[in-house]
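Scroll down for the structure; my scribbles are underneath it.
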Amino acid sequence: MKKDFPEKQKKKLIAQRNEILDSLVGRNEQLASLVNTVEAGDDADIASDTIDRTLLNSLGEADQKRLAMIDAAIESINRGTYGICLLCGKPIPEERLEIVPYAALCVNCQAIEERKNR
């Protein structure tokens, strides 16, 4: 791995982290708006509001998971272990880290994990 690669990735990770946090703030404002505007309506209105809230919450959960992976990647950069697969201990190629800077597994181990979780 190139010497400056982890620091370059850290900047990219921090930028992604900030985007997620900004997005979550916006969703929380949307959710608060939905809660405040819900009035007794017909069943279709209530169902629509419920779907909107569920969608906002699920998007938030996905971002929260990605945020945790980003934080873990930043911590691994700080520890000097960035780019090492957590399962097999082999280096994760820079090309993969360029695409998914918070990747904790090499392609082979990631494929194995995805098959397990099906």
Side-chain angles (χ1 to χ4, degrees):
M1 183 179 300
K2 295 174 191 161
K3 203 172 198 177
D4 64 334
F5 185 74
E7 278 306 310
K8 186 173 89 173
Q9 292 300 95
K10 187 175 183 177
K11 289 176 185 174
K12 189 184 289 188
L13 287 161
I14 290 170
Q16 286 183 0
R17 185 178 195 282
N18 290 337
E19 283 177 29
I20 292 170
L21 292 174
D22 290 344
S23 174
L24 288 174
V25 167
R27 285 192 195 118
N28 285 337
E29 289 171 1
Q30 287 175 338
L31 185 58
S33 172
L34 281 174
V35 170
N36 291 333
T37 59
V38 171
E39 297 177 14
D42 63 18
D43 290 339
D45 288 340
I46 294 169
S48 175
D49 289 337
T50 301
I51 290 169
D52 289 344
R53 278 190 223 115
T54 301
L55 179 60
L56 286 171
N57 285 335
S58 67
L59 289 172
E61 288 171 19
D63 279 342
Q64 288 173 5
K65 287 179 184 178
R66 194 166 65 127
L67 188 60
M69 292 187 294
I70 288 170
D71 287 341
I74 291 170
E75 182 59 33
S76 72
I77 290 171
N78 293 337
R79 284 192 318 264
T81 59
Y82 181 71
I84 305 297
C85 178
L86 293 178
L87 293 181
C88 70
K90 294 179 182 175
I92 300 171
E94 284 185 25
E95 295 81 15
R96 175 166 170 72
L97 293 171
E98 282 285 346
I99 296 167
V100 185
Y102 48 83
L105 304 175
C106 66
V107 173
N108 291 336
C109 290
Q110 183 69 43
I112 291 167
E113 285 299 303
E114 287 175 3
R115 275 183 249 140
K116 282 183 192 177
N117 293 327
R118 285 186 187 174

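For Lys2, the side-chain contact (heavy atoms from CB on, under 4.5 Å) partners are Asp4, Phe5, Glu94, not counting sequence neighbours. The side-chain hydrogen bond (donor to acceptor under 3.5 Å, both in side chains) test applied to Glu114 returns Gln110, not counting sequence neighbours. Residues satisfying the salt bridge (charged side-chain N to carboxylate O under 4.0 Å, His left out) criterion with Arg17, sequence neighbours excluded, are Asp71. With sequence neighbours left out, Glu113 forms a salt bridge (charged side-chain N to carboxylate O under 4.0 Å, His left out) with Lys116. With sequence neighbours excluded, no residue forms a side-chain hydrogen bond (donor to acceptor under 3.5 Å, both in side chains) with Lys90.
Through direct or relayed side-chain contacts under 4.5 Å between Ile, Leu, Val, Met, Phe, Trp and Tyr, Val107 connects to no other residue.
Under the 4.5 Å side-chain heavy-atom criterion for grouping Ile, Leu, Val, Met, Phe, Trp and Tyr, Leu13 is connected to Met69 within one hydrophobic cluster. Hydrophobic clustering, with ILVMFWY side chains joined whenever heavy atoms are under 4.5 angstrom apart, groups Ile92 together with Tyr102.
Sorted by first and then second residue, the salt bridge (charged side-chain N to carboxylate O under 4.0 Å, His left out) pairs with a member in residues 100-110 form an empty list; sequence neighbours excluded.
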Stepwise, does the side chain to side chain contact (heavy atoms under 4.5 Å, CB included) test hold for Leu97 with Met1?
-> CA-CA 11 Å; Leu97 293 171; Met1 183 179 300; 4.0 Å; yes

Distance-only criterion, 3.5 Å: show the donor-acceptor pairs between side-chain atoms of residues 76-89 and protein atoms not counting sequence neighbours.
from, atom 1, to, atom 2, distance (Å)
Ser76, OG, Ala73, O, 2.8
Asn78, OD1, Lys10, NZ, 2.8
Asn78, ND2, Ile74, O, 3.4
Arg79, NH2, Thr81, OG1, 3.4
Thr81, OG1, Ser76, O, 3.4
Tyr82, OH, Gln9, NE2, 3.4
Tyr82, OH, Pro101, O, 2.7

